[in-house]
Amino acid sequence: MGRFCYEEKYDVLIAGGGVSGAVSAIAAGRMGAKVLVIEQNGYLGGSLTGCGVGPMMTFHAGEKQVILGIMEEIVGRLVNRGYSVGHIYDTMQYISYLTPFNAEGLKLILDEMLEEAGCRVLFHTFTGGVHRERGRINFVTICNKDGLHRVEAKIYVDATGDGDIAFMAGASMTKGRETDGAAQPMTMNMKYANVDTEKLKAYISSHIESFPVHKRNRKLMDTVSRFSFRGFDEEFRTANREGIIDIPREDILCFETDRKGEYIVNTTRITSHDGTDAASLSDAERIGRRQCSQLDAFLRKNIPGFEHALLEYTGPSVGIRGSRQLVGAYTLSETDILERKQFAHVIAHCAYPIDIHNPDGTGTASRFLSDPDTYYSIPYEVMYSMEIENLLVTGRCISASFEAQAAIRTTPTAGALGHACGIAAALAARSGENAAKVDVKELQKYLKAQGAYLDLPESKS
């Protein structure tokens, strides 16, 4: 492809190639914008490909699919290429549907879709500084194998997850729980192959009283093509009490991937660490690997079906649920979610519950919508700051309270936000380079034209 020209100016620069950033890039590129994505890893997909996160949860509100558009295109391509079984019932019914996928396949699909949209991607590159003057970002300093370079764009999209661009630009930010700044715990996921699913199911079925979540949904254990399970509470508590493991969590949580017998184990818990602090993040990686080693021995001894499982990897990086949040033109709240507030400037929907992993240790608090077939709305105003006119933020670091962020932080929602953000960035770059002045009705029109689901207030009148 030739040497990269750092002097070239872009319409849209996107920092972060996770799901939200990648979808932003696809959307902006399809709008004709000249797009550059900078990504610290050597692949796209963020937590799904770099932290072992899966499955995607959730595109649905009960039986109704409320996240479509580019995210559904990605799922369709994964299914067509044999990298996903598509949307299937959650055997635990925490949510109605979940979407297993193959992480290696997702890397390829995202590469292809960004290339098709005309986007340029610089891997192994991250932001080292932001230059701001009079309410505008003039350029960012990036770091990679070529050294330090300045790159300019009309609109800058922060899809870093941690709000790095917004923070470096001096935008107002919050971090963690409002009362004390504590973040939800981090998790280092594990992935196993060769798990004996039938042996595992048989054990749970014969001890069903000890697995209340499966007792309520017993039929799904045998009718859904991929199995997810939660439980072994007493065994886990005993191991913690006896010092065999040191994981401040209450149970085991596992999800089968697109490959039969391959499971993601989402069980480690790393408290009192900060994903925006280099030393703290480094320490979290070490603690995560230590907990994974303990958990590996526990699973083989206590969980039927894991005796001969093959540990494929841990991580590769620790997963971060939350850190910085933008203080935007509007802050999405817990009340907005639970009362399903309608917004004239709605740009995405979600039905995932408020899911707070206890920052202090054991316990996970979930607050669901009163009706499982309903969903809530997210307005455009959570994506921009009134302090910096050519900045947009997408993904888990949008303007949201601690409780609201615990609901909107998951993959399909991050992708839906990215879809809206990419179109908005292209419109802003085209019309005047001010995110706050984007015509949201035009944004909504383009979202619907690109297949997104939007329940607009006027459509109910």
TODO: Tell me, please, which residues at least two apart from Tyr313 pass side-chain contact (heavy atoms from CB on, under 4.5 Å).
DONE: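 Listed in chain order: Lys191, Pro316.
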
Open item on the list: My understanding is that only residues two or more places apart in sequence, or in another chain, count here; which of them pass side-chain contact (heavy atoms from CB on, under 4.5 Å) with Ala351?
Closed with: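 side-chain contact (heavy atoms from CB on, under 4.5 Å) list for Ala351, sorted by chain: Ala61, Tyr375.
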
Open item on the list: I want to check something: taking the side chain as every heavy atom from C-beta on, are Tyr156 and Leu392 in contact at a cut-off of under 4.5 Å?
Closed with: no

Task: Flag side-chain contact, heavy atom, 4.5 Å: Leu427 against Glu442 - done: yes

If you measure from [atom1] on [X] to [atom2] on [Y], what distance do you get to the nearest 0.5 Å?
X: Ile247; Y: Thr271; atom1: CD1; atom2: OG1; result: 11.5 Å
X: Leu110; Y: Thr49; atom1: CG; atom2: OG1; result: 7.5 Å
X: Met188; Y: Ile287; atom1: CE; atom2: CD1; result: 10.0 Å
X: Asp277; Y: Ser323; atom1: CG; atom2: OG; result: 11.5 Å
X: Leu253; Y: Asn189; atom1: CG; atom2: CG; result: 9.0 Å
X: His419; Y: Leu68; atom1: NE2; atom2: CG; result: 10.5 Å

Open item on the list: Quick check: closest heavy atoms across Ala428 and Val438, and the distance to 0.1 Å?
Closed with: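 Shortest heavy-atom separation between Ala428 and Val438 comes out as CB-CG2, 3.8 Å.
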
Task: Met31 versus Arg430, closest heavy-atom pair with distance - done: O-NH2, 2.9 Å

Is the closest basic N to carboxylate O distance between [X] and [Y] below 4.0 Å?
X: Asp439; Y: Lys445; value: no
X: Arg134; Y: Glu387; value: no
X: Arg177; Y: Asp360; value: yes
X: Arg269; Y: Glu250; value: yes

Between the side chains of [X] and [Y], is a donor N or O closer than 3.5 angstrom to an acceptor N or O?
X: Asp296; Y: Ser293; result: no
X: His60; Y: Ser96; result: no
X: Asp111; Y: Tyr43; result: no
X: Thr99; Y: His87; result: yes
X: Ser366; Y: Tyr94; result: yes
X: Ser399; Y: Thr331; result: yes
X: Thr160; Y: Asp162; result: no
X: Tyr384; Y: Asn390; result: no

Quick one: does [X]'s side chain have a donor or acceptor within less than 3.5 Å of a partner on [Y]'s backbone?
X: Glu39; Y: Asn41; answer: yes
X: Asp90; Y: Leu98; answer: no
X: Gln325; Y: Ile398; answer: yes
X: Arg136; Y: Glu433; answer: yes
X: Gln184; Y: Ala406; answer: no
X: Thr58; Y: Tyr97; answer: yes
X: Ser20; Y: Ala159; answer: no
X: Gln93; Y: Val213; answer: no
X: His345; Y: Phe343; answer: no
X: Arg150; Y: Val140; answer: no

More than 12 heavy atoms of other residues, nucleotides or ligands under 6.0 Å from [atom1] of [X]: yes or no?
X: Phe167; atom1: CZ; value: no
X: Lys437; atom1: NZ; value: no
X: Glu115; atom1: CD; value: no

- [ ] Over 60° means perpendicular and under 30° means parallel, so classify the ring planes of Phe4 and Tyr10, tilted if in between.
- [x]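 Answer is parallel, since the angle falls under 30°.
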
TODO: List the steps and the verdict of salt bridge (charged side-chain N to carboxylate O under 4.0 Å, His left out) for Glu389 and Arg132.
DONE: CA-CA 11 Å; Glu389 63 184 40; Arg132 169 190 170 186; over 6 Å; no

Task: Sole residue of Lys154, Arg120, Lys34 in salt bridge (charged side-chain N to carboxylate O under 4.0 Å, His left out) with Asp11 - done: Lys154

Open item on the list: Would Glu334 and Arg367 count as a salt bridge (charged side-chain N to carboxylate O under 4.0 Å, His left out) here? Give the steps.
Closed with: CA-CA 10 Å; Glu334 176 183 20; Arg367 293 194 278 282; 2.5 Å; yes

- [ ] Validate the cation-pi geometry between Arg340 and Tyr376: distance from NZ or CZ to the six-membered ring centre under 6.0 Å, angle to the ring axis within 45°.
- [x] no

